[in-house]
Amino acid sequence: MLKIKIGGPAGLGIMSTGLMLSKLFKRLGYTVHGYPEYPSLIRGGYNNYLIIADTNEVYAPYKKYDILVALTDVAITNEKIDEGMILLADIESTKDKTNLKGKVLDLPFKKILSKLEVNEIAKNSIALGALIKLFNLDFDCLDEMLKENYSNEKLYKINHQAAIEGYNTIQERINFSVSKKDTERIVLSGNEAISLGAITAGVNFFATYPMTPASSILHFLAEHEKSFNIITKHTEDEISAINMAIGASYAGARSMVATSGGGFSLMVEGLGLAAIAETPIVIVESQRPGPATGMPTWTEQGDLKFVLNASQDEFVRVVLTPGDVEELFYFTFEAFNLAEKYHIPVFILSDKFLSESHFTTKPFKTDHLQIDRGLIFGGDPEKPMEFFPRYKEVEKGVGMRTIPGTPGGLYKAPGNEHDEYGFVTDNAENRVIQQKRRFKKINYITNDIPHPKLYGKIDAEITVVCWGSVKMQMMEILKITDRINFIHFPAIYPLDWSKVKTMLENRNLIIVENNMTAQLKSVIAENTGLIIEKTILKYDGRPFFADELYEKITGEAL
Amino acid sequence: MLKIKIGGPAGLGIMSTGLMLSKLFKRLGYTVHGYPEYPSLIRGGYNNYLIIADTNEVYAPYKKYDILVALTDVAITNEKIDEGMILLADIESTKDKTNLKGKVLDLPFKKILSKLEVNEIAKNSIALGALIKLFNLDFDCLDEMLKENYSNEKLYKINHQAAIEGYNTIQERINFSVSKKDTERIVLSGNEAISLGAITAGVNFFATYPMTPASSILHFLAEHEKSFNIITKHTEDEISAINMAIGASYAGARSMVATSGGGFSLMVEGLGLAAIAETPIVIVESQRPGPATGMPTWTEQGDLKFVLNASQDEFVRVVLTPGDVEELFYFTFEAFNLAEKYHIPVFILSDKFLSESHFTTKPFKTDHLQIDRGLIFGGDPEKPMEFFPRYKEVEKGVGMRTIPGTPGGLYKAPGNEHDEYGFVTDNAENRVIQQKRRFKKINYITNDIPHPKLYGKIDAEITVVCWGSVKMQMMEILKITDRINFIHFPAIYPLDWSKVKTMLENRNLIIVENNMTAQLKSVIAENTGLIIEKTILKYDGRPFFADELYEKITGEAL
Amino acid sequence: MKSVDFNSGKIPNWCPGCGNFAIWNAIKGAIAELDINGKDIVNISGIGCSGKMLNYLRTYGFHTLHGRTMPVATGVKLTNHKLTVIVNGGDGDGYGMGMGHFIHAIRRNLNITYLIHNNHVYGLTTGQASPTTDKGLKSKSTPHGVIDEPLNGLFVSLSAGATFIARGYSGDLEHLKSIIKAGIMHNGFSHIEILQPCVTFGKHYGYEYYDERVYRIADDYDPGNFEEALKLIREKDKIALGIIYKVDRPTQEEQLPQIKNKTLIDQGIVKRDISAMLKSFA
Amino acid sequence: MKSVDFNSGKIPNWCPGCGNFAIWNAIKGAIAELDINGKDIVNISGIGCSGKMLNYLRTYGFHTLHGRTMPVATGVKLTNHKLTVIVNGGDGDGYGMGMGHFIHAIRRNLNITYLIHNNHVYGLTTGQASPTTDKGLKSKSTPHGVIDEPLNGLFVSLSAGATFIARGYSGDLEHLKSIIKAGIMHNGFSHIEILQPCVTFGKHYGYEYYDERVYRIADDYDPGNFEEALKLIREKDKIALGIIYKVDRPTQEEQLPQIKNKTLIDQGIVKRDISAMLKSFA
Ligand SMILES: Cc1ncc(C[n+]2csc(CCOP(=O)(O)OP(=O)(O)O)c2C)c(N)n1
Ligand SMILES: Cc1ncc(C[n+]2csc(CCOP(=O)(O)OP(=O)(O)O)c2C)c(N)n1
Ligand code: SF4
Ligand code: SF4
Ligand SMILES: [Mg+2]
Ligand SMILES: [Mg+2]
């Protein structure tokens with residue numbers, strides 16, 4: 001397994017270089033995972049991108065890595081470099097040479113830049129060239145990548161030159177065997193998986209307000225709005241975004257919003273409107289540390305209970321907590337079906353780590369996927385202006401939707417409690433009928449959403465319990481040991497909790513969550529009475545690192 | 001015990017009449033409780049006010065009552081009248097005479113109005129006069145009340161005349177003994193108790209946006225803003241309200257907001273800001289049924305878990321759930337101290353039933369109350385422009401607040417994660433230090449807030465578990481039986497849950513909540529693992545009625 | 001179609017004499033005369049006495065949240081721009097809570113007709129001051145008099161670039177109806193503020209108050225003239241009724257290639273093929 | 001006091017060449033020249049590159065939420081109106097998310113100075129279109145060009161009744177400083193929009209763009225003249241810099257008897273006696 005980090009100041013393009021390198025390894029047959037870190041500023045500061053590549057599957061970042069490419073000093077001072085590592089750095093430009101530890105390979109960025117008379121951005125390609133040489137790989141493969149990346153001929157030339165210079169600089173070799181070329185599998189981020197899932201599902205209305213780490217969903221969908229006839233709106237705020245999406249859904253669109261916890265805070269009121277008006281909606285919430293603005297570019301799993309309980313009073317929602325890019329893709333597709341079958345809000349809960357990191361996967365198969373729009377009234381042309389009992393149960397607690405424009409389907413979609421036609425009423429019996437009907441859906445939804453799943457040897461000594469992206473670290477750990485297995489929650493609500501309880505009982509359980517208060521632990525206790533005593537929690541804005549987590553688990557529980 | 005209901009169309013002034021009657025009985029030495037019902041519209045619809053009066057304490061409404069005063073037909077058609085009841089109604093004006101059931105006493109409103117040449121509003125005073133006679137009470141006592149109520153001489157005259165006419169109409173008498181005159185105790189609504197608590201605590205900044213059932217706090221405080229130098233602001237929306245209150249608190253005011261669930265939805269983002277900037281704030285949330293606009297003028301306890309989990313990521317808040325007007329008053333007073341001692345948001349969770357009903361109580365004693373503003377930096381005039389480590393722990397996880405204008409107290413109040421001076425940082429270690437410090441407060445707060453309390457015989461056959469306003473119905477039930485006792489949660493978070501568990505264990509428990517999903521049950525399970533199997537839940541917008549609840553409990557559990 | 005055909009069957013529960021009745025009749029009259037089928041109309045309401053409007057109309061309807069009519073209406077219109085979208089909301093709803101959305105809705109210029117019932121008060125919550133309440137006036141929330149400057153909603157919408165600005169009055173039903181008709185026919189965002197007496201809480205602004213001040217804009221007035229419009233909008237003692245400003249600007253729906261040929265609704269929802277796109281991730 | 005005395009010690013992390021540097025220097029210069037002590041200044045910021053401002057100033061500060069500067073500033077000012085309250089926020093922050101608050105803050109007319117850094121883009125979130133971005137421009141959120149009409153922030157604030165409206169430019173530091181000084185000295189709400197080139201994402205509106213178009217308003221210009229102000233605000237090709245509009249109107253804090261004699265802060269918090277009041281409940 002190779003673990004390479006590229007570090008340097010923000011604004012140098014480290015993120016795209018990281019991705020290029022990831023793809024490069026992937027094309028050479030490796031499985032890659034790319035984990036980016038950056039602060040909330042545009043230029044300066046410290047950015048880095050960690051690549052994990054292996055012939056086996058890889059899923060998660062490691063704390064300890066092997067090679068550091070330092071684009072400037074800032075990487076050297078920000079990273080812990082130890083003697084076992086290889087450091088690629090511009091020795092001459094390094095102010096404090098005592099920082100140069102490990103096996104130092106000189107990469108004279110400055111000299112090369114001035115020789116080529118190009119600007120700093122070219123450092124990336126120099127570094128890429130150097131790495132290609134170090135791993136004894138085919139330069140053509142990199143060159144192809146550069147061509148794809150720089151459609152502008154002039155830019156390509158510069159970077160091509162820079163890469164060659166980098167390539168020529170390095171004499172050392174690392175033993176590294178290329179398996180088979182792979183043009184099949186894909187490397188993509190969590191947000192890209194979500195976007196692709198939504199596109200496949202036929203999303204045609206997307207309203208949002210930019211917020212890290214959800215913004216790239218907007219960028220992606222906006223980029224493709226014309227090819228797929230999607231209306232994408234960057235609204236004046238998140239309140240507008242969710243209400244617009246609700247309006248669109250009411251009018252018959254498949255609509256989605258995407259935001260982070262802060263933006264979702266502003267959607268809380270609208271969430272309740274979607275719930276009582278039974279307007280289907282898909283909400284992507286990609287978590288970052290809070291409270292409030294918190295740490296905008298970092299990761300955390302701190303919003304689970306918020307999302308489960310948001311908005312006044314009680315209603316049914318679905319909270320999906322996918323753990324990898326495949327789940328992000330397929331669950332997003334299914335989220336639209338669930339929303340439209342049950343007329344409810346459906347959440348995709350992601351986090352910065354999952355949304356913005358890169359993962360390798362097989363291209364998504366979509367043949368078996370089917371769009372299910374639920375019950376929609378076909379209309380009665382004879383009586384076009386007749387009211388329709390849209391809030392009367394047809395089956396499973398669900399009524400028949402009617403889309404404005406449909407003859408004979410008139411009704412009022414209400415934020416108030418209402419009768420079967422949507423007219424406001426305070427009547428006590430009606431209230432109970434409507435609440436019961438809306439909650440009845442739960443019984444059917446539980447069968448339609450994924451149940452917690454055990455990964456690894458069934459009778460391992462210790463069972464980690466986790467949700468969302470922690471699946472990635474646990475998959476990595478399964479590669480190391482079979483003394484640990486884990487139960488992953490790909491959805492949290494609504495579940496068949498008696499089944500969950502049976503699954504959890506009589507195991508040596510330990511909760512692993514990327515938050516401070518162990519929210520899944522709470523939710524399990526709340527629903528089963530089972531209190532999992534052991535917890536491993538992390539809430540410093542970083543995801544768990546596979547090596548770190550493995551140590552913690554063995555320390556805590558083995 | 002007397003149970004009288006006055007009913008009629010909205011806009012007739014039934015609410016103030018109800019209150020007058022309540023006060024009348026109170027002045028005559030009775031204890032009274034007044035429960036109003038009204039729909040969300042200004043004129044028409046059906047309003048009613050139920051008065052419970054007794055020589056013993058009274059706390060809660062009953063479903064069955066004895067006397068109905070029907071100001072118009074609408075009361076007769078909306079109420080279930082049975083043969084045992086007394087009905088005061090205008091027989092001639094009643095369209096469908098078959099509705100006239102029970103013992104009907106004629107109150108010829110129409111005739112009297114045309115005789116006096118006054119408008120409909122005077123019906124109230126006619127009814128009051130009639131009731132005074134029915135109960136064989138002193139007319140002077142009513143007259144005094146009318147004088148107080150109608151400062152306008154002309155209006156008083158009209159109502160005085162109307163009352164006399166009503167008085168003269170009734171021949172029947174109800175056996176009813178006046179105890180001693182009482183000018184000591186007071187009759188007030190929950191919102192008035194909150195407002196008085198806040199005023200006593202020195203609140204000087206109140207920002208809100210009107211929302212039933214919280215609006216009357218605004219009306220009350222605005223009315224008294226000049227006498228107490230309170231700045232009250234009806235802002236453009238609830239987002240503005242909470243942020244304004246946060247700004248005020250930051251600048252050194254004691255600030256409060258008040259709203260219902262829908263308005264609180266819009267405050268969720270600001271809540272997180274208060275939390276991370278550690279700006280003290282008191283939030284009154286008076287619940288009503290949802291989701292969304294729901295049933296604006298009705299009651300429910302549906303927002304507990306919402307308030308406990310609102311806003312992204314994790315932070316400490318206090319959620320007080322007072323159960324009567326005394327608790328509303330004293331807890332509101334204490335809420336300001338808690339907020340300022342611990343630099344946290346403190347909730348007063350009320351509901352429409354508690355906020356808008358009337359209760360009898362002894363005048364609040366305030367001698368023992370002390371204002372505690374927590375740690376506030378006195379300043380360093382030598383170095384006026386020095387930064388101050390406002391986010392550095394001094395004790396109990398709490399730092400030293402500094403108020404803008406204080407020399408040497410400069411700092412940045414941040415929505416971001418920050419260092420000790422409030423400057424933004426993404427540093428991992430700092431994040432952990434700050435989160436741990438902020439959470440450390442919990443350990444101390446638990447000792448400062450009220451613990452669940454058992455009411456009634458310690459070893460009753462069944463123990464009801466409840467929170468907030470359900471205390472009122474349970475107090476009423478304790479009067480009927482000693483086979484039932486109850487544990488009331490006057491606060492839900494943060495609690496010493498091991499103590500709570502001990503308290504709950506080995507009892508025949510039944511949860512009683514005014515919601516659908518038994519939220520306190522969840523919270524108890526989450527924190528103790530104890531799942532209370534039996535529940536009595538009501539979610540039709542009405543509070544529990546004492547008689548109804550008693551039947552349910554005995555049916556379920558005895 | 002006749003006006004009565006648009007009665008929903010629910011009886012309005014506004015106070016007797018409330019200015020909302022006239023608005024109700026004007027809307028029914030307008031859509032009847034324009035002969036739009038109720039199934040092709042979506043009435044969108046805010047929360048308030050004003051917002052109850054949709055319950056009394058035989059059309060599709062969405063009773064949204066307080067202040068959130070604009071985004072919901074935008075979502076509806078973009079999804080099916082063949083629908084006639086009419087919005088009713090109060091001055092609190094639209095100029096208070098909803099102010100941000102209002103301005104941005106104007107910028108979008110969708111073909112939506114927005115009726116703001118300006119009763120200078122919060123009606124449904126029993127009488128607090130609204131953004132349009134004059135200075136000094138006492139209300140439940142301002143028992144010692146309003147101190148915020150009152151908002152001139154028409155001026156704000158002019159400044160934000162509204163393409164149709166008009167003022168109607170509950171006391172002049174026929175004229176109001178004609179304005180609403182013109183608003184619906186205007187291809188773009190129509191902002192119609194309606195002077196709506198609240199007989200219960202907004203007594204200062206009663207029929208007498210308006211009857212003394214309002215006048216119909218002359219027939220030869222050119223609503224395309226910005227300066228003239230500004231003059232009318234800034235008048236102090238008199239209150240002009242009619243179409244104050246009207247210009248043509250492409251609507252948002254016309255500028256979206258996604259719905260050039262067909263509404264989103266008419267395109268239907270189909271599973272999309274992403275296989276070609278996936279190649280770029282290889 | 002000198003300008004450098006107001007350095008907080010933190011080094012700004014804006015991109016080299018960013019227009020925010022000039023604003024920083026202008027603010028420091030203005031408060032230094034006005035000789036206000038840092039302890040008596042509260043800098044309030046929204047979220048965005050613009051919002052980072054407060055970190056670099058040796059004053060009290062509140063880094064609020066995105067779009068929420070106005071309410072926080074209002075709370076601060078009403079609580080202690082002796083403080084100098086300066087607000088920094090972006091065009092997205094103030095004209096997008098914060099639009100409703102902005103208009104209502106103007107109506108209140110507190111003595112607050114509000115600097116809107118208009119870079120026509122969302123800087124911190126890496127380049128989406130903002131409400132002031134011109135039609136047709138491409139951005140991350142509008143890869144096929146903006147279709148909403150751009151917002152004229154000054155016009156909106158004029159329509160809402162702002163008592164001080166000015167425009168500054170990062171490329172004209174001295175002039176900007178003088179405007180900020182005038183804004184702080186203005187007894188009322190000052191809306192200062194600053195043309196702030198974003199060299200990374202807002203490239204269309206760079207220094208060259210502005211240098212070609214801006215001009216300083218002539219010295220004899222009368223900012224009290226509404227019509228003239230409107231003319232400047234609606235100019236199309238040229239961009240006027242300076243104080244465009246200025247009138248005197250009582251501030252909100254002056255109209256509140258509660259703080260007539262003393263700020264809330266100076267009054268302190270005391271336990272109040274409600275016993276007299278309780279009698280009315282008997
Ligand atoms: C978020 C939120 N806050 C408050 C309310 C309560 N509320 C309902 S209607 C209303 C004001 C109504 O005033 P306006 O918009 O002028 O309508 P009117 O009743 O005067 O027609 C308020 C504050 C609410 N429904 N939602
Ligand atoms: C509720 C919320 N939504 C979104 C964001 C993310 N966000 C941070 S800054 C910003 C936009 C910044 O644009 P602008 O206000 O113009 O400031 P600039 O960076 O250009 O100075 C956004 C959308 C946020 N912090 N909070
Ligand atoms: S309160 Fe006013 S606005 Fe509401 S229905 Fe009555 S008169 Fe009309
Ligand atoms: S992104 Fe633009 S606004 Fe932000 S710091 Fe860089 S140049 Fe300035
Ligand atoms: Mg109104
Ligand atoms: Mg900007």
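Just so it is clear: chains get the letters A, B, ... in the order the sequence lines come, proteins before strands, and each one is counted from 1. None of these values were measured; they are calculated from a predicted model.
- For the atom pair D/I179 CD1 and D/I192 CD1, the distance stands at 7.0 Å (nearest 0.5 Å).
- Tested against C/S159, the residues D/V156, D/N152, D/L158 include a single side chain to side chain contact (heavy atoms under 4.5 Å, CB included) partner, D/V156.
- Between the CD atom in D/E253 and the OG1 atom in D/T74 there is a gap of 10.0 Å [rounded to 0.5 Å].
- For a residue to count as touching a neighbouring chain, one of its non-hydrogen atoms must lie under 4.5 Å from one of that chain's; by this rule D/P257 does not touch chain C.
- Rounding to the nearest 0.5 Å places CZ of D/R108 at 12.5 Å from CD of D/Q255.
- In this structure, chain C has a heavy atom under 4.5 Å from the side chain of D/L230, while its backbone stays farther away.
- Between the CD atom in D/E193 and the OG atom in D/S157 there is a gap of 8.5 Å [rounded to 0.5 Å].
- Both the backbone and the side chain of D/I147 come within less than 4.5 Å of a heavy atom in chain C.
- Per-residue heavy-atom pair counts under 4.5 Å with chain C were compared for D/M97, D/H104, D/E227, D/H101, and the maximum is reached by D/H104.
- Residues of residues 120-138 of chain D lying under 4.5 angstrom from chain C, judged on non-hydrogen atoms, are D/S130, D/P131, D/K135 by number.
- Taking the six-membered ring for Trp and thresholds of 30 and 60 degrees, D/F189 and D/Y114 have ring planes more than 60 degrees apart, a perpendicular arrangement.
- Side-chain contact between D/I265 and D/T79: present, with at least one pair of heavy atoms (C-beta onward) separated by less than 4.5 Å.
- Only the backbone of D/Y95 comes within contact range of chain C, with heavy atoms under 4.5 Å apart.
- Between the CG atom in C/D248 and the NZ atom in C/K246 there is a gap of 4.5 Å [rounded to 0.5 Å].
- One finds the CD1 atom of D/I112 at 10.5 Å from the CG atom of D/L83 (value rounded to the nearest 0.5 Å).
- Between chain D and the options C/A160, C/G96, C/G67, heavy-atom pairs under 4.5 Å are most frequent for C/G96.
- Proximity to chain D is limited to the side chain of C/I103, based on heavy atoms less than 4.5 angstrom apart.
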